[in-house]
Amino acid sequence: MKRYSVFALARNALRFGPGWPALWRSPDPKASYDAVIVGGGGHGLATACYLASEHGITNVAVLEKGWIGGGNTGRNTTIVRSNYLWDDAAALYEKSLQLFEGLSQALNFNVMFSQRGVFNLGHSVHEMRDIARRVNANRLNGIDGRLVGADELARLLPILNVSARGRYPVLGASFQPRGGVARHDAVAWGLARAADARGVDIIQNCEVTGIRRERGRVAGVETTRGYIRARKVGLVAAGHSSVLASMADVRLPIESHPLQALVSEPMKPVLDTVVMSNAVHAYISQSDKGELVVGAGIDSWNGYGQRGSFGTVEGALAAIVEMFPIFSRVRMLRHWAGIVDTTPDACPIIGETPVRGLFVNCGWGTGGFKATPGSGWVLAHTMATGEPHPLNAPFALNRFVTGRLVDEHGAAGVAH
Ligand code: FAD
Ligand code: PYC
């Protein structure tokens, strides 16, 4: 087996050599497009991909100030699940999970979606009641999930410390078997390749620096590579959304916070599922390379530094070690942060802004990786037809005026 893979590697190296084919072109920007997407993360790429594949709109550019997937898409801990409390949010995340289930086939690109199940732990009677309520709501919505008690958890996860003497004893959990993880880079690369194949121009190192309007509607974007005209512009820039929207005098109820993660040295398989704990601000899975992937809660202050603070990861690791004493001597290799875009109800904002032709898709905060295909699906529909898709209609910007919020802080999975 080992010999085979070494030979296969050598054969491919010789076959492709330095001329390994690029997955997408690198065109110069055109003067004008039917639609411009600002932000080459997973959500922007998915939007462009579905604009082309589902709506036949192919004269599209994705403008990315850095490199494809270099924002939160390439910085997240890749957890995918759809166990949200309220019907509107559950439907949107469940659509995305279903798209994930067919994504490798649809893109002909292995996004390594691994449905290894996701546990959300409860550490108090109050939390267990919330978890039970969420599991019941999920089941009424046809979403898989069940409640697991501490005894069953101890059997399913023998390395988890369920002792009643812990500082935050584990009383039980919800379990979504269809949840899991996917390879974040592959999601971005597969979507980029599919969009490019349909004619979408993916333009990296192209920062949007201004948004021009004419008679109340969007006319185009100023960029570091010149002015580009477009009558439809989608802002899909996660933590930078409010900065971009302000270029068109649109005010978004978004706060940008660093969110951190870190990985350990690789080790033999020891954890075959995903474990999250909102109360202790920590979650963990094991990558296919064997690294433990650990995440923390947000840094509570606003910021744009993609570093994060030491105190936050120290707290997360203390919690991990209490829950998994077996990991107490594991060495952590590297850590980083991404800038997440949090909203007052922990739900996204998707739709047209008061500026005609200017759309936003943001506010996914700490939990938008799982939504990548679903978010692109609904924004593509909204931009193509000028009408929200039924799945994103509840997530319009004006809910912060009408007060029809969809509070998903409990299901968001990461403490805010
Ligand atoms: P991004 O991938 O950030 O893409 C936005 C792009 O816009 C960036 O590439 C940026 O460079 C570009 N941009 C910004 N300004 C401009 C400009 N002026 N001009 C041109 N381009 C611009 N979610 C989950 O579901 N599960 C998880 O396990 C999970 N874990 C996370 C862990 C961490 C540490 C972090 C930081 C986030 C996590 N998330 C998770 C959240 C998730 O990563 C994001 O919600 C999601 O990836 C957002 O995707 P996006 O495409 O909208 O944003
Ligand atoms: O939304 O599931 C989630 C999540 C896990 C880690 C960060 N976000």
Side-chain angles (χ1 to χ4, degrees), residues 36-47 62-84 93 96-97 100 118 120 176 179-182 184 187-188 191 203-211 221-225 234-245 247 256-262 274-278 281-285 293-299 304 306 308 312-313 316 335-342 346 348 360-372 374-376 379 408 411-415:
V36 158
I37 306 297
V38 183
H43 289 225
L45 293 163
T47 306
V62 176
L63 308 181
E64 167 53 52
K65 73 173 177 177
W67 64 94
I68 292 303
N72 291 346
T73 296
R75 293 166 184 274
N76 78 88
T77 46
T78 77
I79 298 171
V80 177
R81 58 188 172 87
S82 63
N83 54 352
Y84 281 69
Y93 286 101
S96 196
L97 199 155
F100 256 115
V118 175
N120 290 88
Q176 184 178 22
V181 290
H184 48 14
V187 171
L191 287 166
I203 303 165
Q204 303 182 79
N205 298 312
C206 180
E207 179 168 358
V208 169
T209 53
I211 298 175
V221 290
E222 316 271 2
T223 82
T224 46
R225 298 183 62 183
L235 305 181
V236 195
H240 295 84
S241 298
S242 49
V243 176
L244 273 155
M247 294 175 189
S256 295
H257 291 267
L259 178 68
Q260 299 185 67
L262 60 172
V274 180
V275 181
M276 305 181 60
S277 172
N278 201 343
H281 299 203
Y283 49 93
I284 185 163
S285 67
V293 181
V294 176
I298 60 170
D299 282 5
Y304 289 92
Q306 298 191 117
T312 305
V313 284
H335 90 123
W336 64 88
I339 307 307
V340 295
D341 40 342
T342 63
V360 285
N361 181 349
C362 58
W364 294 96
T366 60
F369 175 70
K370 67 176 82 64
T372 302
S375 137
L379 182 63
E408 284 291 358
V414 177

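Since the model is a prediction, treat every value here as computed from it, not as a measurement. Numbers here simply count residues along the sequence, with the first being 1. We count ligands from 1, going down the list as the structure has it; atoms in each ligand are counted the same way.
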inquiry  = My understanding is that only one of Ile211, Val208, Ile37 makes a side-chain contact (heavy atoms from CB on, under 4.5 Å) with Leu235; could you say which?
reply    = Ile211
ask   = Can you check side chain to side chain donor-acceptor pair (under 3.5 Å) on Asn83 and Asn120, steps first, answer last?
value = CA-CA 10 Å; Asn83 54 352; Asn120 290 88; 3.2 Å; yes
Look only at interatomic distance and state if [X] has a nitrogen or oxygen under 3.5 Å from any nitrogen or oxygen of ligand 1.
X: Ile79; result: yes
X: Leu244; result: no
X: Thr366; result: yes
X: Ala337; result: no

Roughly how far, to the nearest 0.5 Å, is [atom2] of [Y] from [atom1] of [X]?
X: Gln306; Y: Trp336; atom1: CD; atom2: CH2; answer: 12.5 Å
X: Lys370; Y: Ser375; atom1: NZ; atom2: OG; answer: 12.0 Å
X: His257; Y: Thr366; atom1: NE2; atom2: OG1; answer: 10.5 Å
X: Ser241; Y: Asn361; atom1: OG; atom2: CG; answer: 8.0 Å
X: Gln260; Y: Thr77; atom1: CD; atom2: OG1; answer: 12.0 Å
X: His281; Y: Ile298; atom1: NE2; atom2: CD1; answer: 9.0 Å

Which of the numbered atoms in ligand 1 are under 4.0 angstrom from any heavy atom belonging to [X]?
X: Gly368; answer: 23 (N), 24 (C), 25 (O), 41 (C), 42 (C), 44 (C), 45 (O), 46 (C)
X: Ala237; answer: 5 (C), 7 (O), 14 (C)
X: Ala238; answer: 3 (O), 52 (O), 53 (O)
X: Val38; answer: 19 (N), 20 (C)
X: Gly365; answer: 41 (C), 45 (O)
X: Gly71; answer: 2 (O), 3 (O), 9 (O)
X: Gly39; answer: 6 (C), 7 (O), 12 (C)
X: Ala261; answer: 34 (C)

request  = Check whether any side-chain heavy atom of Met276 lies under 4.5 Å from a side-chain heavy atom of Arg81, and answer yes or no.
outcome  = yes
inquiry  = With a 4.0 Å cut-off on heavy atoms, is Ala412 in contact with ligand 2?
reply    =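 Contact present.
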message = Applying side-chain contact (heavy atoms from CB on, under 4.5 Å) to Thr223 and Leu63, what does each step give before you reach the verdict?
response = CA-CA 9 Å; Thr223 82; Leu63 308 181; 3.9 Å; yes
task = Determine, considering heavy atoms only, which of Glu207, His43, Gln306 sits nearest to atom 51 (O) of ligand 1.
result = His43
task = Out of Thr77, Thr224, Ile211, indicate the one that has the non-hydrogen atom closest to atom 28 (O) of ligand 1.
result =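 Residue with the shortest heavy-atom distance to the ligand atom: Thr77.
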Note the single closest protein heavy atom to [atom], along with its residue, its atom name and the distance in Å.
atom: atom 17 (C) of ligand 1; value: Val208 N, 3.8 Å
atom: atom 15 (N) of ligand 1; value: His240 CB, 3.7 Å
atom: atom 5 (C) of ligand 1; value: Val236 O, 3.6 Å
atom: atom 35 (C) of ligand 1; value: Leu259 CD2, 3.5 Å
atom: atom 1 (P) of ligand 1; value: Asn72 N, 3.5 Å
atom: atom 25 (O) of ligand 1; value: Lys370 N, 2.8 Å
atom: atom 11 (O) of ligand 1; value: Glu64 OE2, 2.7 Å
atom: atom 42 (C) of ligand 1; value: Phe369 N, 3.5 Å
atom: atom 2 (O) of ligand 2; value: Arg81 NE, 2.8 Å

request  = Scan side-chain atoms only and decide if Gln176 and Ser82 contain a donor-acceptor pair under the 3.5 Å cut-off.
outcome  = yes
Side-chain donor-acceptor contact under 3.5 Å, Asp299 with Thr312 = yes
Where on [X] is there a heavy atom closer than 4.0 Å to ligand 1, on the side chain, on the backbone, on both, or on neither?
X: Lys65; answer: both
X: Thr78; answer: backbone
X: Gln260; answer: backbone
X: Leu63; answer: backbone

Distance under 4.0 Å to a non-hydrogen atom of [X]: what atoms of ligand 2 satisfy this?
X: Lys370; result: 1 (O), 2 (O), 3 (C)
X: Met276; result: 2 (O), 3 (C), 4 (C), 5 (C)
X: Thr77; result: 6 (C), 7 (C)
X: Gly367; result: 1 (O)
X: Thr366; result: 1 (O), 4 (C), 7 (C), 8 (N)

task = Give a yes or no on whether the ring-centroid distance for Phe369 and Phe100 is below 6.0 angstrom.
result =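 Yes: the rings meet the under 6.0 Å criterion.
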ask   = Is ligand 2 under 4.0 Å from a heavy atom in the side chain of Phe369, in the backbone, in both, or in neither?
value = neither
Report yes or no: does [X] have a heavy atom closer than 4.0 Å to ligand 1?
X: Gly239; result: no
X: Cys206; result: yes
X: Gly367; result: yes

request  = On the 0 to 90° scale, with breaks at 30° and 60°, tag the His240-Tyr304 ring pair as parallel, tilted or perpendicular.
outcome  = tilted
query = Has the side chain of Glu64 got a donor or acceptor atom that lies under 3.5 Å from a matching backbone atom of Gly66?
reply =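 The answer is yes, because a donor-acceptor pair under 3.5 Å joins these two groups.
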message = Under the criterion side-chain contact (heavy atoms from CB on, under 4.5 Å), I'd like the reasoning laid out for Asn205 against Lys65: C-alpha separation, chi angles, the key distance, then a yes or no.
response = CA-CA 5 Å; Asn205 298 312; Lys65 73 173 177 177; over 6 Å; no
